[in-house]
Every structure is written in C-alpha cells, then in structure tokens.
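Take a look at the structure set out below.
This one's a predicted model, so the numbers in the text were calculated from it and none came from an experiment. Along the sequence shown, residues are numbered consecutively beginning with 1.
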Amino acid sequence: MTAQTSDDTSADPSAVVRALRAAGCVFAEDEAALLLDAATSAADLDARVARRVAGEPLEQVLGWAEFCGLRLQVEPTVFVPRRRTELVVREAAARLSPGAVLVDLCCGTGAVGVAVAAHVPGIVLHAADVDPVAVGCARRNVEPVGGHVHEGDLDAPLPVDLRGRVDVITANAPYVPTDEVAFMPSEARDHEARVALDGGADGLDLHRRIAALAPGWLRSGGHLVIETSRRQAPRTAAALTAHGMAARVVTDDELDATVVVGTRP
C-alpha cells in the first residue's frame, strides 16, 4: 500500500484512511491524522502506514504513547502502556509525598514512574527492567524527570543502599499464563517482547518473586502496588500475605483494572 503524498507530507488523508480501514483499523480517521502529523516526508509516511497496516501497534509506529495525560516515547517491541495501568499510578501516588522513594519494577517504557512523578513532584524514582530495549526507552522517559533506570532481573540491579528505605514498589509484571499468550491480540502477541507478556504457567511467576523480594526493600509501613487481573487477584494477594504483607484488592470498573496493594508491617 502506498499513500499519495507530497514532499511536505501534505497528503490526501482519504488515501491513508482507506488503507487503514481496509486493514481493520476501527478508528481509521483518527489514526490517519496522527500518522500524517508524525510523518517527516512522503517516504516516512508510506513506511509508517505500511507498518500500521501490517498490524504494528499505533504507538510503536508513532514513537509515542499517551498515558495519564503524558506523551511517552515507545519503541518497536517495547510493551505499550495500557490505560488500565493508571490504577497502579493512582494507588502509588496516594501513598507518596515529596522526598519519598519509589521503585518501579518491570518498568517497560517507564510510564508508571514518570506518571507518579508527575502526580507527586520531588519523589526519588528508580526503575528497572530486564529487557535492554525497554531500558533504553525508559531512560529517555525517566531521566528527564530526574529518575534512574537500571537494567537487570527484577531487583538485581537496584542500588543496595535502597534496601529497607523504599516507600512504594510498583510492578506491572507480565501476568498472562503461558498457554494464553497465543490468544492475545496480534498487536501484543506479535509486536511486544514475549518477556513483557508471559507470566509463566499460571501467569503469576513474577508476582510470587516480587512478593518474596519486596519486604527486603520496603521500609516498615511501605507498600507494594502490583497490577493483576480480577480472576488472578486472590492468588496475587495470597502471594503477598505468604511473605508477611497485609494485602488488599482494589478494582476500577471504568478502567477494567485490578491491583493488589500490599503493606509491610
């Protein structure tokens, strides 16, 4: 598919809309406007439209995603922030004040940490992810707000002097059971890193590991805020209580979101 355009990217929007609609894009007009605005040349527009028609997430094609009213950089293969994760931000921000320490595990683009920092200016922010592509993306989002990004498995790369001093740990760790990844929408299944989606046999491998490590990093009275599904929430909560934390399930029907908030005694 080739969209008709001129050198200054002033294209016939209808050509782009038709291509997107034919590819099954429900909001073809809106997406066309965004792609036309993002394109820097005729060739760039054609390339972006072709990527979108092939099924790549719009956010990866544009190079940014909107999350909590912020525009965050996104790269190909990196997990695209979902609106439901705004509940993690809300629950974390409610438990923080300026000067508090936030650690965001499985940070992806760094969206959660950046959004919390926007709600609570002056926090000390550390984010970590095992995927080097995501880490590079997160650094471009997190470092401009004064945060620090670390590459490694869960808490392994965190500075040791944070132990026992963290006020809140957030985690949007993968929680899709391995056998269910194949049934995810193609945009996720085929265009986001498997490590950002696959949560193990029951989806909760990372939840159990995070529940085990969190008490060593949290101060007394500190909190773990972890995204899960409504179906899996009881088992996520049980993982937290097994490691001495009080656990509470929080849901938001409008966001179709569920988190478990754990509190260290």
Side-chain angles (χ1 to χ4, degrees), residues 26-27 30 57-59 64-72 74 78-97 100 102-121 123 125 127 129 138 141-142 145 166-177 180-181 183-185 187-188 192 196-199 202-204 206-208 210-211 214 218 221-241 245-264:
V26 176
F27 302 104
D30 294 337
L58 177 66
E59 294 86 354
W64 59 268
E66 184 176 335
F67 180 73
C68 288
L70 304 170
R71 182 175 288 196
L72 297 158
V74 180
V78 176
F79 185 84
V80 176
R82 274 52 159 180
R83 184 167 178 256
R84 62 176 174 265
T85 306
E86 292 180 10
L87 183 58
V88 175
V89 173
R90 189 173 78 202
E91 292 297 316
R95 293 165 170 81
L96 291 166
S97 57
L102 169 67
V103 168
D104 182 30
L105 298 178
C106 305
C107 70
T109 62
V112 168
V114 172
V116 173
H119 281 78
V120 190
I123 63 169
L125 169 61
D129 202 288
N141 290 317
V142 171
V145 301
V166 177
D167 294 280
V168 173
I169 295 172
T170 52
N172 183 17
Y175 53 89
V176 178
E180 296 179 21
V181 173
F183 302 105
M184 295 184 72
E187 288 189 8
E192 293 176 329
L197 305 174
D198 191 341
D202 67 351
L204 300 177
L206 273 294
H207 288 198
R208 285 185 284 270
I210 292 168
L218 291 170
H223 307 280
L224 169 63
V225 182
I226 187 166
E227 181 172 306
T228 188
S229 69
R230 192 180 295 263
R231 171 172 60 94
Q232 293 164 302
R235 285 177 291 158
T236 299
L240 273 60
T241 58
M245 288 179 279
R248 182 168 69 91
V249 176
V250 180
T251 61
D252 185 309
D253 291 337
E254 181 181 351
L255 294 174
D256 189 24
T258 303
V259 303
V260 176
V261 179
T263 302
R264 184 193 159 194

Side-chain contact test, heavy atoms from C-beta onward, threshold under 4.5 Å: evaluate it for Phe27 versus Leu58 and give yes or no. no

Side-chain donor/acceptor of Thr85 to backbone N/O of Val88, under 3.5 Å: no

Taking the side chain as C-beta and beyond, is there a heavy-atom pair between Met245 and Thr263 under 4.5 Å? no

Beyond-backbone contact of Leu102 with Thr170, side-chain heavy atoms, under 4.5 angstrom: yes

What I'd like to find out is whether the side chain of Thr109 reaches to under 4.5 Å of the side chain of Glu59, using heavy atoms alone. no

Smallest heavy-atom separation, Leu224 atom then Ala214 atom, equals CD2-CB, 4.1 Å

State, yes or no, whether a side-chain contact exists between Asp252 and Arg90 at a heavy-atom distance under 4.5 Å. yes

Can you list everything that forms a side chain to side chain donor-acceptor pair (under 3.5 Å) with Thr236? Sequence neighbours excluded, please. His207, Thr228

Would you say the side-chain atoms of Glu227 pair up with the backbone N or O of Ala257, donor to acceptor, closer than 3.5 Å? no

Where do Asp104 and Ala171 come nearest, in terms of heavy atoms and distance? OD1-N, 4.3 Å

Inspect the surroundings of CG in Asp256 and state if more than 12 heavy atoms from other residues, nucleotides or ligands are less than 6.0 Å away. no

Quick check against the 3.5 Å criterion: does Arg82 have a side-chain atom that pairs as donor or acceptor with the backbone of Val80? yes

In Å, rounded to the nearest 0.5 Å, how long is the span from CD1 of Ile226 to CG of Leu240? 6.5 Å

Heavy-atom distance under 4.5 Å between the side chains of Asp129 and Cys107, does that happen here? yes

Taking it one step at a time, do Arg83 and Glu254 satisfy salt bridge (Lys or Arg N to Asp or Glu O under 4.0 Å)? CA-CA 10 Å; Arg83 184 167 178 256; Glu254 181 181 351; 3.6 Å; yes

For Leu125 and Val142, which heavy atoms make the closest approach, and how far apart are they? CD2-CG1, 3.8 Å

Is there a side-chain contact between Arg95 and Glu91 in this structure, where contact means two heavy atoms from C-beta onward sitting under 4.5 Å apart? yes

Where Leu206 and Ala173 come nearest, the two heavy atoms and their spacing: CB-CB, 3.8 Å

Nearest 0.5 Å, please: how far is CG in Leu197 from OH in Tyr175? 11.0 Å

When rounded to the nearest 0.5 angstrom, what is the spacing between OG1 in Thr258 and CG in Leu87? 7.5 Å

Once rounded to the nearest 0.5 Å, what's the spacing between atom CG of Leu72 and atom CG of Asn141? 4.5 Å

Residue pair Val260 / Ala233: nearest heavy atoms and the distance that separates them: CG2-O, 3.9 Å

Could you report the tightest heavy-atom contact between Ala247 and Ala237, atom names first, then the distance? CB-O, 3.8 Å

To the nearest 0.5 Å, tell me how far Leu105 CG sits from Ile169 CD1. 6.0 Å

